[in-house]
There are 2 protein chains.
Amino acid sequence: MSTPTDHRSAPRRRGEELVDAILSAACQELIEVGYAKLSYESVARRSGASKVSIYRRWPTKPELVKSAAAHHAHIPQLPGEPSTLQADLRSVLGDVARQIDAPIGQLLRALMAASVAEQAPSMAELSWGMGPGLMRKVAEQAVARGELSDVPVGLVLSVPTDLIKQRFISYGIVNQEFIDDLVQLIVLPLWLGDKSSR
Amino acid sequence: MSTPTDHRSAPRRRGEELVDAILSAACQELIEVGYAKLSYESVARRSGASKVSIYRRWPTKPELVKSAAAHHAHIPQLPGEPSTLQADLRSVLGDVARQIDAPIGQLLRALMAASVAEQAPSMAELSWGMGPGLMRKVAEQAVARGELSDVPVGLVLSVPTDLIKQRFISYGIVNQEFIDDLVQLIVLPLWLGDKSSR
DNA sequence: AAAATAGTGTACGTGCCGTTTACTAAGTGC
DNA sequence: GCACTTAGTAAACGGCACGTACACTATTTT
């Protein structure tokens, strides 16, 4: 008589409401304990949902984690008032770097773990905002101001964000000093195409 | 009487011999089933060692995996006959890209997973040969030939290998086409400092 | 020869996996 | 209003791996 364990009575959540609860719980869990220690059982406990409901929607852990991360939906920060290509780059990339610190960093780390651990090449899709799109905007503004002759091709556009990701993976942190060096030594010379800024 | 399970008699391996057996087994296991599915029990079974012996030396899975990867020690491939900066880059980076395919790729993937999953920033140390060192050699030869005025700074030197790693993480494969684009659109313009090669 | 060191097999409790079962609340068609 | 379908819940299952403990023994050191 100790455990009246039967929540089959409560107003039963469905559809979006339930999904929200599960993904939020998964996010929290990711931030607190990380990817490796996240389990279906813990998410079920935390969200108050049943394991089966979770398995039905996300048969594997990477899928669940990716949905959770996407659900969190921390959209990037806009360039703000355009000024100079160098200033814009430092500002935007600096914001990205700052966002990469806790607790989002832990979430990103989890996301990468999900991508790397199992065969899940869809890491590319989840560029968490800081993808070519962001860089393209910056480049377009520079072109409009006449600082840049053309918007670089995709591969070149994504160099800064790719290198930031790489830095994060290798060293765990991305500070402003790195951003400054990145802009000064790599992005500007590469985009402008001369060595004068070094 | 079915199981005479007691190998406590056999010539008992110790020290380096035992370590070798364990790490080799771990490597094989990594290549076959990947990081996520690798377990202490499977490594113990495969190596014929006991779990305790493994736990004593590598208390956590990332540590074990990193040792295993380091033990494998596939050193990079040398530039061979130097010719042109562009040719050297394509050759060396192409080799790196080819090495990144199976089975080494799976091992690298495991290594990254180990680094990313838990706080293990020592990914940087294990640059599996394709680090700044390799690029420095290429650059130095180009300087000796007069193609390059100076050897770029470390950050710039590691751009090609960093971007290859990033590509591997995001898309799972690194083909020669990517290498060609990388050399043509990024490395040469960045190192030479002009847009003529685009 | 005695003692310290280190490897082996076995067993244990715990936690999570992924699935199945039985039940029931919420929506749907009539 | 009522049958009927859909979907969420609790509980239990066998299985596997975890991480640790124990008793034992082979090897090395003193």
Side-chain angles (χ1 to χ4, degrees), chain A residues 1-26 28-30 32-65 67-68 110 113-114 117-118, chain B residues 1-26 28-30 32-65 67-68 110 113-114 117-118:
Chain A
M1 58 163 163
S2 52
T3 46
T5 43
D6 216 332
H7 307 179
R8 311 180 213 182
S9 48
R12 202 174 272 182
R13 297 168 298 181
R14 289 198 157 212
E16 198 171 347
E17 188 189 355
L18 185 58
V19 169
D20 270 13
I22 294 172
L23 293 184
S24 299
Q28 277 305 312
E29 209 69 17
L30 274 180
E32 286 179 19
V33 306
Y35 176 79
K37 288 185 179 172
L38 175 135
S39 73
Y40 276 78
E41 314 244 359
S42 63
V43 174
R45 271 195 301 271
R46 182 162 209 150
S47 65
S50 79
K51 273 200 301 177
V52 184
S53 299
I54 309 180
Y55 272 110
R56 225 196 314 272
R57 291 169 222 263
W58 304 277
T60 70
K61 192 164 153 180
E63 291 174 84
L64 173 58
V65 168
S67 280
E118 353 254 316
Chain B
M1 57 161 161
S2 52
T3 47
T5 44
D6 216 332
H7 308 177
R8 311 179 215 182
S9 47
R12 201 173 274 182
R13 296 169 299 181
R14 289 200 157 211
E16 197 171 349
E17 187 189 356
L18 186 59
V19 169
D20 271 14
I22 294 173
L23 293 185
S24 298
Q28 277 304 312
E29 208 68 17
L30 274 181
E32 287 179 19
V33 305
Y35 176 78
K37 289 185 180 174
L38 175 134
S39 74
Y40 276 78
E41 313 243 2
S42 63
V43 175
R45 269 196 301 271
R46 182 162 209 149
S47 66
S50 78
K51 275 201 297 178
V52 184
S53 299
I54 309 181
Y55 272 109
R56 224 194 319 270
R57 291 168 221 262
W58 305 277
T60 71
K61 192 163 153 179
E63 292 174 83
L64 173 58
V65 168
S67 280
E118 354 255 315

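Computed from a predicted model, the values in this text were never measured in an experiment. Here is the naming used below: chain letters follow the sequence lines, and residue numbers restart at 1 for every chain.
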Can you check nucleotides 14-18 of chain C for protein contacts, nitrogen or oxygen pairs under 3.5 Å, and list what you find?
from, atom 1, to, atom 2, distance (Å)
C/dC17, OP1, A/Tyr40, N, 3.2
C/dC17, OP2, A/Tyr40, N, 3.1
C/dC17, OP2, A/Glu41, N, 3.2
C/dG18, OP2, A/Tyr55, OH, 3.0
C/dG18, N7, A/Lys51, NZ, 3.0
C/dG18, O6, A/Lys51, NZ, 2.7

Check nucleotides 4-6 of chain C for protein N or O atoms closer than 3.5 Å to its own N or O atoms and list the pairs.
from, atom 1, to, atom 2, distance (Å)
C/dT5, O2, B/Arg14, NH2, 3.3
C/dA6, O4', B/Arg14, NH1, 3.4
C/dA6, O4', B/Arg14, NH2, 3.1

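Taking A/Glu41 as the reference, A/Lys51 meet the salt bridge (Lys or Arg N to Asp or Glu O under 4.0 Å) condition, with sequence neighbours excluded. For the side-chain hydrogen bond (donor to acceptor under 3.5 Å, both in side chains) test, residues two or more places apart in sequence or in another chain that qualify with B/Ser39 are B/Ser42. Residues satisfying the side-chain hydrogen bond (donor to acceptor under 3.5 Å, both in side chains) criterion with B/Ser47, sequence neighbours excluded, are absent altogether. By the salt bridge (Lys or Arg N to Asp or Glu O under 4.0 Å) test, B/Glu63 pairs with no residue at all, sequence neighbours left out. Partners of A/Ser24 by side chain to side chain contact (heavy atoms under 4.5 Å, CB included), not counting sequence neighbours, listed by chain and number: A/His71. Judged as a salt bridge (Lys or Arg N to Asp or Glu O under 4.0 Å), and not counting sequence neighbours, the contacts of B/Arg46 are B/Glu29, B/Glu32. For A/Arg14, there are no side chain to side chain contact (heavy atoms under 4.5 Å, CB included) partners two or more places apart in sequence or in a different chain.
Interatomic distance, OH of B/Tyr40 versus OG1 of B/Thr60, reported as 5.5 Å (0.5 Å rounding).
One can place CD1 of B/Ile54 at 14 Å from C1' of C/dG9, the figure rounded to the nearest angstrom. The separation between A/Glu16 atom CD and D/dA7 atom P is 16 Å, rounded to whole Å. When the P atom of D/dC18 is taken as reference, atom CD of B/Glu63 falls 15 Å away, rounded to whole Å.
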